[in-house]
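So that the names make sense, note that chain A is the first sequence line, chain B the second, and so on, each numbered from 1. Note that the structure is a prediction, hence the values are computed from the model and not measured.
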There are 2 protein chains.
Amino acid sequence: MKIYSNYTKHFVAVDCIIFGYDILEKEIKLLLSKRMFEPAKGRWSLAGGFVEPKESLDDAAIRILRKLTGLESVYMMQSYSYGETDRDPGDRVISIAYFALIAIRDINKELAEQNGVSWRSLSRLPDLIFDHPIMVRRALTDLQNEIKIRPVGFELLPEKFTLVQLQDLYEAIYQRKVDKRNFRKKILSMGILEKLDEKERETSKKGAYYYKFNEDIYKRLRQNGFYFNLDVN
Amino acid sequence: MKIYSNYTKHFVAVDCIIFGYDILEKEIKLLLSKRMFEPAKGRWSLAGGFVEPKESLDDAAIRILRKLTGLESVYMMQSYSYGETDRDPGDRVISIAYFALIAIRDINKELAEQNGVSWRSLSRLPDLIFDHPIMVRRALTDLQNEIKIRPVGFELLPEKFTLVQLQDLYEAIYQRKVDKRNFRKKILSMGILEKLDEKERETSKKGAYYYKFNEDIYKRLRQNGFYFNLDVN
DNA sequence: AATTTAAATGTAAGGATTACACTTAAAAAA
DNA sequence: TTTTTTAAGTGTAATCCTTACATTTAAATT
């Protein structure tokens with residue numbers, strides 16, 4: 001069909017802001033890649049790619065993420081679309097940004113290496129190409145809003161985590177300190193964490209109990225009108 | 001430049017969910033248009049159009065809105081991007097949805113007529129083409145979130161409005177009743193409304209005082225860290 | 001003067017948020 | 001074996017915010 005043939009077509013890309021959390025350095029990191037083609041070849045860039053003829057935007061984002069990390073089912077959502085005509089000096093490209101949350105340990109190291117990608121701390125990012133810094137800022141805001149109202153922080157942690165680690169994660173995302181007792185009170189009162197009979201013993205003599213997120217309980221609560229809300233202070 | 005020439009280009013459209021508020025019927029309305037070309041010619045559709053070579057997405061949204069309404073500066077923001085390959089039966093079209101808030105009285109009637117557009121109540125919309133119903137639902141959610149944290153409801157009202165009218169607007173957007181005393185307490189306590197020495201006398205014998213939104217005060221407050229928040233019950 | 005109609009108003013109870021500092025467990029050192 | 005060190009774990013009171021709820025007031029009409 002050639003119904004719309006009077007109109008102009010555009011390159012459409014998907015760029016992924018891939019968040020990871022470094023549990024040891026207590027820092028949010030982004031998975032960045034060295035751009036392998038012109039323009040701006042060799043500079044740091046978000047993971048991106050052009051949308052193909054027979055794939056949806058979501059599918060494009062999934063494909064791009066899988067290519068770089070080997071991961072299949074990742075928490076991902078659309079962030080914002082960027083369409084300034086001069087945002088890419090190579091040509092006019094409209095880009096749909098997605099953000100993804102992945103546990104750093106999960107990525108396929110060889111795959112990452114052969115794609116020239118690496119984890120870079122959010123607080124000292126290299127210069128990024130084009131409008132990617134703006135994309136990152138907006139995605140971080142999206143993430144801050146999201147972890148307040150949905151239990152997605154766990155995507156960034158190993159299955160077993162301590163409350164201290166969970167709190168550190170929130171502090172890293174909000175980029176400020178939060179009160180320990182209030183944080184614990186709130187998260188535990190939701191009843192979606194399961195305390196394990198096992199302690200993490202690397203970081204303290206006393207050891208901190210591991211917990212894990214119980215998705216079944218969360219789903220049950222949701223059906224009864226419960227809303228996750230971790231308004232942190 | 002032909003740097004990206006291996007990749008496929010796509011049609012990219014912008015669709016606008018244009019919200020208006022009917023102060024008499026106390027209903028949210030959408031400005032819809034009869035589609036004037038195939039496919040789905042003659043059916044109801046959101047205001048849309050293809051993104052042109054030299055305009056940004058925001059500019060496309062502004063152009064589309066102006067063409068239909070004659071309005072230049074309208075509160076508008078990006079909602080979400082839709083990219084299912086089969087969403088438009090005419091061809092593969094990626095669409096960026098925007099939502100706009102306009103005061104119904106403001107639109108240019110002749111322009112609207114000659115474009116075949118009309119206001120339709122949100123609660124009894126006609127069948128819309130493609131994925132436009134989904135776009136509308138999401139945009140309504142966006143609007144509900146937005147009027148909670150930003151003073152954008154006033155965009156939908158005349159410059160002078162009564163507190164009853166403002167409350168009716170919130171009830172229309174949230175699609176539920178809210179408590180009158182609490183609503184007034186909250187909105188007035190922000191100090192961003194200016195009470196006028198004039199009453200609206202159409203709807204009651206007693207008459208209700210007009211207020212107007214004082215943007216200067218709001219901006220001043222914002223700079224001092226104030227956040228608009230109208231969490232309505 | 002009485003009636004009607006919608007606007008305008010206040011308060012008390014309950015719940016959530018915040019601020020804040022000491023105790024405990026366990027390993028390491030003395 | 002005792003003491004020290006380190007980080008984990010815990011509770012309460014004050015304040016603020018939210019919610020629920022019913023009567024009075026102003027003005028036109030009868």
Discussion item. Between P on D/dC17 and CG on A/D231, what's the gap in Å once rounded to a whole number?
Written reply: 13 Å
Discussion item. I want to know whether B/Y80 and B/Y82 have ring centres closer than 6.0 Å.
Written reply: yes
Fill in: Separation of atom CG in A/N233 from atom P in D/dC17, rounded to whole Å
14 Å
Discussion item. Using the rule side chain to side chain contact (heavy atoms under 4.5 Å, CB included), only one of B/L65, B/I64, B/V74, B/L30 pairs with B/I18; which is it?
Written reply: B/L65
Worksheet item: Are B/R105 and B/E159 ion-paired here, with the side-chain N under 4.0 Å from a carboxylate O?
Response: no
Fill in: Side chains of A/Y98 and A/D58 in contact at under 4.5 Å (non-hydrogen atoms)
yes
Worksheet item: Once you round to the nearest 0.5 Å, how far does CE of A/M190 lie from CG of A/L230?
Response: 4.5 Å
Item to complete: Measure from CD on A/Q165 to C1' on D/dG9 and round the result to the nearest Å.
Response: 15 Å
Worksheet entry | Atom pair distance, as rounded to whole Å: CD1 in B/I187 and P in D/dC17 | 16 Å
Worksheet item: Considering only heavy atoms from C-beta outward, does the side chain of B/L32 approach that of B/L125 to under 4.5 Å?
Response: yes
Fill in: Pair B/E200-B/T162, side-chain donor/acceptor within less than 3.5 Å
no
Please tabulate, one pair per line, each protein N/O and nucleotide N/O from nucleotides 11-13 of chain D that are separated by under 3.5 Å, including the distance.
from	atom 1	to	atom 2	distance (Å)
D/dT12	O4	A/K185	NZ	3.0

Worksheet item: Which nucleotide of DNA chain C is the first, and which the last, in the 5' to 3' direction, to come under 4.0 Å of a heavy atom belonging to chain B?
Response: C/dT4 to C/dT11
Worksheet item: Atom CZ of A/F183 to atom C1' of D/dT10: distance rounded to whole Å?
Response: 16 Å
Worksheet entry | Range-with-range stems for DNA chain C, at least three Watson-Crick or G-U pairs under 3.5 Å | C:1-30 with D:1-30
Worksheet entry | Sub-4.0 Å heavy-atom contacts from residues 196-207 of chain B onto DNA chain C, ordered by number | B/T203, B/S204, B/K205, B/K206, B/G207
Fill in: Results of salt bridge (charged side-chain N to carboxylate O under 4.0 Å, His left out) for B/E215 - residues two or more places apart only
none
Discussion item. I need the CG-C1' distance between A/L163 and D/dT10, as an integer number of Å.
Written reply: 12 Å
Item to complete: Ignoring hydrogens and angles, state whether a donor on the side chain of B/N145 or B/K148 is under 3.5 Å from an acceptor on the partner side chain.
Response: no
Item to complete: Identify, with sequence neighbours excluded, every residue that meets salt bridge (charged side-chain N to carboxylate O under 4.0 Å, His left out) alongside B/E146.
Response: B/R150
Discussion item. If we check side chain to side chain contact (heavy atoms under 4.5 Å, CB included) with B/I17, which of these qualifies: B/L46, B/L31, B/L140?
Written reply: B/L46
Discussion item. Counting neighbours of NZ on B/K212 that are heavy atoms of other residues, nucleotides or ligands and sit closer than 6.0 Å, is the number greater than 12?
Written reply: no
Worksheet entry | Result of checking B/K160, B/K199, B/E194, B/K195 against B/Y210 for side chain to side chain contact (heavy atoms under 4.5 Å, CB included) | B/K160
